[in-house]
Amino acid sequence: MAEANPFQDPLRFERHVPPCAIVIFGANGDLTKRKLLPALYRLAYERRIPPGFAILGISRTAMTDEAFREKMRESVQQFLEDSPFDAALWDDFARGLYYVAGDVNDQAAYTAIAERLKEIEAERHTEGNVLFYLSTQPSQYAIAAKGLGIAGLAKSANGAWRRLIVEKPFGHDQASAAVLNNNLHEHFEEEQIYRIDHYLGKETVQNILAFRFGNGIFEPLWNRRYINNVQITAAESIGVEGRGGYYQEAGALRDMIQNHLLQVMATVAMEPSAVFEANAVRDERAKLLRSIKILKPSEVAANAVAGQYGKASIGGKEVPGFREEAGVDPEARTDTYAAVTVMVDNWRWAGVPFYIRSGKRLPKRVTDIAIRFNAVPHSLFATETEDTARPNMLILRIQPEEGISLRFSSKQPGAGMMLRPVSMDFNYGSSFGMRTPAAYETLLMDAMIGDATLYTRQDMVAASWAVVQPIIDSWAERKDLLFPNYAAGTWGPKESDDMLAARGHAWRIP
Amino acid sequence: MTVQPEKILRELSNLWVNLGHEEGVLRACAMTMIVACDGTSDVDEPGEALAELMREHPSRAIVLRVLKQEEPQLDSRVFAQCWMPFGKRQQICCEQVEISATPSRLADVYSALLGLTVPDLPVILWLRSAALLTMPEFQPLLRIARSIVVDSAQMPEASAALDVMEKARQDGWRIKDLAWTRITRRRELIAQIFENPAMRARTINGVWIRYAGKEIPVEAWYAAAWLNARLPEAYIRFDRVDRMLNNGLQGIQLIGPEFEVSVLPSGDSSVAVSVDSFCGHVVLPDVAEWQLVEQELSILGNDPVYEATLELASHIARSKL
């Protein structure tokens, strides 16, 4: 019989997860409760999970398998979105949940994991395939990888696979990211490492590729000749919500721009790959990230703005400033807002600024990409004012109302030739009706199948750190940055508007 | 007694204006779906199936009822199908048009349908009654769509049904047969077994197809052709058995000198999947007609696996009989 399975029918047969076990480090943590277990349960609900499947939770808290199952049931019931909870299905799913209490720093924990995995393999027929998920403190990634390596869990026999999912942040700066990569590579090959960036798992981010490369009409316009500037916004209306300790060490530049938003930008700006395969797509993303102009220290002030929110009254409610949040140093110099002008040094994008901003306590929660086209070279209509003669704009909405809008000018009904901007909207929810899978469902499924297209590769991480490192260094040295510099509930500091105004541009209000 | 596309479109337009007065209504449309039925029974009513299909494949649905009465008749009405997605506050609504016509008026229906299809979106014709595929008065209407969904298991004689379907395919229609869709899950079970390269290395020299009914049904011919294309050296044998599963194909066995693979019914909604002595049970619930159509609608382009299978099935059925 042929080498490939001749019975496959990819147009009809669903992608199925092979028999495997998932080992989650940090099983008692927020990510596991809010995202991972609901996503895995949802995959079971969709019948994507095989009978030979198990989840082994690891954390320090002592707990029995039964207690872990009960805890996870509560989490799934609480955090499952857009789906009903099916008690019978849960009972079946929960039989594959196991728990081992152990400290990541203690090698005995890995011995216990290895023994438990053997039992699970015999009981659940997981065929020796294991996906390790590091949902722990970033400082424990290298320790866990080493522990797994020493216990012989990073390698497998008889054609089975071992994979490692690492959550962001991938390092705290360029140097620590390189060290982390080296540490991981001591025990795992690059092909085994899946660096998760949940933004890339979002259906609408994946749709950028379909939109650009599945349609003939946009790609000819997708260059410096027709596009004036690109604005990528990831705004949150909430503050740090109990994550003050973590966030004050990270900040918006590290937490959002270095990873999520640069990956989104790479997806918007990359060249088409020859084939839709993991490394071909990732090669193009990596090439784009390497084409970004690295700022010199003297250029940072004009091209990057840091902000931190101060207290304000929003709709009559008093909101604390960042420094007043629980767990935050009252003198913290953390950027809760960051805006960066990114230039790409290649033929397609030379001279087109990509403005990227992200912040907390902004007026609303929204993530979108606005592509502003050049204005018409000559206006025919005398009645056009600055308000009506707006250039065309294409908006790729990532959240919350996923979709695509195209803004153009139209004649206002009635006598005379009065123009006004109108919007043509494509709404994901209404056009397809069906439920959109959550990012973690897509990404977990891909990792179990072995498709790394939506995962970040080492060279992509290195390239994106290279972009933000000069900004981090410059901000660390600047003593003239006076925080707080924007009021909670506003669109960030004035310097951010000035940064765009210097090029004759203005932020779009999403 | 006329059906004026302009009038229907005006009514649809008014419908949206009225719906627009309600808060939170979204209009959705990804295709024109023409559902033709001949009104022979209540089962023929497509309303429920369309309501289910709209969720994943929102469309302008045009239900065409071919009436059997003597007196010529042609009539229409429009309304909206709406649903509230789980956890959302906005209703999603799709248009539905109903046209009733006697066979003598079908030529008028063709011109009306031309004006009613949504521009630039795919047009799908679902023949809920397979007899319409060969009805002379209906032939002009086939031209309205490139994709035709039909259930050949409804046709009285399997090999003739396969010939009709194959001819339609050769004539350029994108034929989609629900009898083929009905065996997807069992094909998938076999494919999963052969995902293991060690299984693919084994020799298979016999294919046994088990069927229920007086004669070999379309589903069994399809299974035989699909397997024959992949195991050309293996002989094919058909065995008639008692009906357990709710369609013509009951079981498949692949036999080799060293091993045996089988997917056989173990209850009225489950199958036993056996590889050598290892046996597992898989629930195979009855699939509603709309679920079969839904699977077909998710394949908008050509389906090379099915098309090759149809060609071979029609050939095998002719040569075996």
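Just the heavy atoms: all of them, side chains too, but no hydrogens, waters or symmetry mates, feed the values below. Naming convention: chains lettered A, B, ... in sequence-line order (proteins, then strands); numbering from 1 in each chain. Since this is a predicted model, take the numbers as computed values, not measurements.
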Subject >> Atom group of B:Glu296 that falls short of 4.5 Å from chain A, counting heavy atoms >> reply: side chain
Subject >> Which atom of B:Arg200 lies closest to which atom of A:Pro6, heavy atoms considered >> reply: CD-CD, 3.9 Å
Subject >> For A:Leu11 against B:Asn302, the heavy-atom pair lying closest together >> reply: CD1-O, 3.7 Å
Original post:
Where do B:Ala191 and A:Phe13 come nearest, in terms of heavy atoms and distance?
Top reply: CB-CE1, 3.6 Å
Subject >> Trace of the side-chain contact (heavy atoms from CB on, under 4.5 Å) decision for A:Arg12 with B:Arg187 >> reply: CA-CA 10 Å; A:Arg12 286 173 190 270; B:Arg187 292 194 302 119; 3.4 Å; yes
Subject >> Greater than 12 external heavy atoms within 6.0 Å of A:Lys155's NZ >> reply: yes
Original post:
How long is the gap from CG on A:Asp9 to CH2 on B:Trp226, to the nearest 0.5 Å?
Top reply: 8.0 Å
Original post:
Considering residues, nucleotides and ligands other than A:Glu74, do more than 12 of their heavy atoms fall under 6.0 Å from its CD?
Top reply: yes
Subject >> Spacing of B:Arg230 atom CZ and A:Phe7 atom CZ [to the nearest 0.5 Å] >> reply: 7.5 Å
